[in-house]
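Working notes for the structure below.
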Amino acid sequence: MPRTIFHIDVNSAYLSWTAVEQLKNGAKADIRTIPAIIGGNQESRHGVVLAKSIPAKKYGIRTGEPVANALRKCPDIHIEPPDHELYRAYSRKLMDFLHTYTPDIEQVSVDECYLDYTGIAHQFYSPVSAALEIKEKIYKKFGFTVNIGISSNKVLAKMASDFEKPGKVHTLFPEEIRVKMWPLPVRELYMAGGSSVETLKKLGIHTIGELACADPAILELHLKSHGRMLWNFANGRDDTPVVSEKVEAKGIGNSVTLPKDAVTREEAKQVLLKLAESVGGRLRKAGQKAGMLSVEIKYSTFDTCSHQRQLFRVTSSDTEIYQEAVQLFDELWNGQPIRLLGIRSSKLVGEDEPQQLSIFDIQIPEKPLQKVQKEKEKDAFAAQQSIKQEKLAKALDEIRGKYGENAVTRGSFLKNNREGKRNGEHEDRED
């Protein structure tokens, strides 16, 4: 049976959930019906518009712009501070409800998910009738609206859900992309960030249709693997499944929203080093080592991507986590300004658990004995260095535990820490 995928996206989630909660608590005004935004103060990264009402959109207010800009466009605009605990609570309620339909759900953010309709298709007259039922029940049960995009794969379902809002159901099957998707500006394509769009414009590509008809070899020349991915998306090609269960074991991770977008590799590396120390410290505190590492990037366009890798040997060393994270970052980053970076460790094992040898440790290569000996010595040296790094990290943990977190810090952090405090840098997530 051909796959059918729904992409379910809460309309202006932060603002909608805030409005619903306020109305439950006796508020007379629904902030969704007036010019209103969710944002923080004007001095830090949290001074950006996280969500906006439809009336606010009419003033030209955009998600991601500074709150100060929104105030200039609409001086009387209503501002509510973010409440991430509230958002997580509503997100859980939504996902619990959707799971009453099917377990085949992949949550990709606090306010959106993919639902594989294929397994429940026999229960409904059509995908559209099922989506309409889900949409209406969500509104009646919780008081907020969602858009639902329907297609045969995830990328087209995602594109469909971004069509006219709010509270709409749209289809975008492969036979519809020429009419519904190709005329759109290329910036509307999923994962087409500002930097990529500018490059495409220089190549004379302004619409998704023009991108779909372009030579993928030329796109790769200018945008590397990201160009090939965009070409596939423009042609409606995506074979990634809906992953309803986490493949990796429960892990430990941190992410940080930056006070200023990171635009260079060196800036990103500084952040990754700080995150590696945080993740390594928490692993050691939990008496765990990680067998897998992933890096997450959120761009200034709010597009998010991640990349993971199985480690050669389990570790809790800050240095080894950092080195692996940098390699993952280099393979993932597309050159666009970075708003958020995260490192997550998984496939955890106890620090005292015997370490399984890799195939490289036990195989007998057909090489001269002298070369085999040198390789064994090299592996032994690497293992010794890993042990030394972990012992050093534990010693630093003890010092920080006794005299405070700032008792020992890397020299490269001294300037950054001062700037971070001034700009309100904070850690968004520890999981």
Side-chain angles (χ1 to χ4, degrees), residues 1-13 15-16 32 51-54 57-58 62-63 91 94-95 97-98 101-102 104-121 123-192 207-209 211-212 230 232-242 301-304:
M1 181 183 294
R3 285 194 313 167
T4 302
I5 307 298
F6 290 3
H7 181 261
I8 302 172
D9 189 11
V10 180
N11 299 132
S12 195
L15 189 128
S16 292
R32 290 171 292 188
K52 63 185 181 300
S53 64
I54 292 176
K57 187 177 180 180
K58 294 177 181 178
R62 296 175 291 104
T63 301
S91 178
L94 174 61
M95 297 304 153
F97 168 74
L98 293 174
Y101 282 89
T102 175
D104 299 325
I105 293 172
E106 178 182 351
Q107 185 173 1
V108 291
S109 72
V110 72
D111 62 345
E112 62 177 319
C113 69
Y114 294 100
L115 181 152
D116 193 332
Y117 168 81
T118 313
I120 58 173
Q123 301 176 23
F124 299 93
Y125 177 73
S126 69
V128 171
S129 64
L132 288 170
E133 176 185 308
I134 291 171
K135 177 180 73 72
E136 293 305 320
K137 282 190 174 181
I138 289 172
Y139 183 71
K140 288 179 181 178
K141 187 176 182 67
F142 302 114
F144 58 84
T145 62
V146 299
N147 262 41
I148 302 180
I150 307 172
S151 188
S152 56
N153 63 43
K154 289 164 73 173
V155 71
L156 290 180
K158 166 73 172 174
M159 290 293 298
S161 71
D162 282 335
F163 291 162
E164 183 190 0
K165 299 179 180 182
K168 304 290 184 180
V169 171
H170 300 282
T171 64
L172 183 59
F173 290 99
E175 61 270 20
E176 298 178 292
I177 63 175
R178 288 177 178 269
V179 174
K180 291 186 176 182
M181 189 173 79
W182 279 11
L184 298 175
V186 72
R187 68 174 180 274
E188 299 293 327
L189 182 64
Y190 176 56
M191 291 301 291
T207 67
I208 296 177
L211 174 60
L230 291 177
N232 280 324
F233 286 177
N235 282 285
R237 298 178 180 179
D238 177 28
D239 58 3
T240 55
V242 171
T301 59
F302 290 92
D303 290 328
T304 303

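Of all heavy-atom pairs between Cys113 and Leu98, the closest is SG-CD1, 3.6 Å. Smallest separation of non-hydrogen atoms from Leu230 and Tyr190: CD2-O, 3.9 Å. Looking at every heavy atom in both residues, Val169 comes nearest to Ala131 through CG1-CB, 3.8 Å.
A distance-only check finds no donor-acceptor pair linking the side chain of Asp116 to the backbone of Ile5 [under 3.5 Å]. A distance-only check finds no donor-acceptor pair linking the side chain of Thr207 to the backbone of Val186 [under 3.5 Å]. The main-chain N or O of Val146 is never found under 3.5 Å from a side-chain atom of Lys135 such that the two would form a donor-acceptor pair. Side-chain atoms of Ser12 come within 3.5 Å of backbone N or O of Lys52 as a donor-acceptor pair. The backbone N or O of Leu211 lies less than 3.5 Å from no partner atom in the side chain of Trp182, so there is not a single donor-acceptor pair. Judged purely by atom type and a 3.5 angstrom limit, Ser16 uses its side chain to pair as donor or acceptor with the backbone of Asn11.
Considering only residues two or more places apart in sequence or on other chains, Arg32 meets the salt bridge (charged side-chain N to carboxylate O under 4.0 Å, His left out) condition with Asp30. Residues forming a salt bridge (charged side-chain N to carboxylate O under 4.0 Å, His left out) with Glu133 (at least two apart in sequence, or on another chain): Lys137.
Under the 30°/60° scheme for interplanar angles, the aromatic rings of Phe142 and Phe144 are found to lie parallel. Ring-plane geometry between Phe124 and Tyr117 is classed as tilted, the angle between the planes lying from 30 to 60 degrees on a 0 to 90 degree scale.
Looking at heavy atoms from C-beta onward, Ile177 lies in side-chain contact with Leu172 at the 4.5 angstrom threshold. Between Pro127 and Thr171, the closest side-chain pair of non-hydrogen atoms is not below 4.5 Å. Inter-residue side-chain proximity for Lys154 and Glu106 is flagged as met; some heavy-atom pair is nearer than 4.5 Å.
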In residues 155-166, what donor-acceptor pairs under 3.5 Å come from side-chain atoms, sequence neighbours left out?
unit_1, atom_1, unit_2, atom_2, d
Lys158, NZ, Glu112, OE1, 3.1
Ser161, OG, His7, ND1, 2.7
Ser161, OG, Lys158, O, 2.8

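In the displayed structure, Phe97 atom CZ is contacted under 6.0 Å by more than 12 heavy atoms of other residues, nucleotides or ligands.
In this structure, OH in Tyr101 is found 5.0 Å from CD1 in Ile134, a value given to the nearest 0.5 Å. In this structure, the separation between CD1 on Ile120 and OG1 on Thr102 is 5.5 Å, given to the nearest 0.5 Å. Considering CG of Asp104 and OH of Tyr114, their distance stands at 15.5 Å, rounded to 0.5 Å. Within the model, atoms CG of Asp238 and CG of Asn232 stand 8.5 Å from one another, a figure rounded to the nearest 0.5 Å. In this structure, Asn235 CG and Ile208 CD1 are separated by 11.0 Å, a value rounded to the nearest 0.5 Å. Note that CD1 of Ile148 and NZ of Lys168 are 13.0 Å apart. Values are rounded to the nearest 0.5 Å.
Using a 3.5 Å distance cut-off with no hydrogens or angles, the side chains of Ser151 and Asn153 do not pair a donor with an acceptor.
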Take Ser109 and Thr304 through the test side chain to side chain contact (heavy atoms under 4.5 Å, CB included) and record every step on the way to the result. CA-CA 9 Å; Ser109 72; Thr304 303; over 6 Å; no
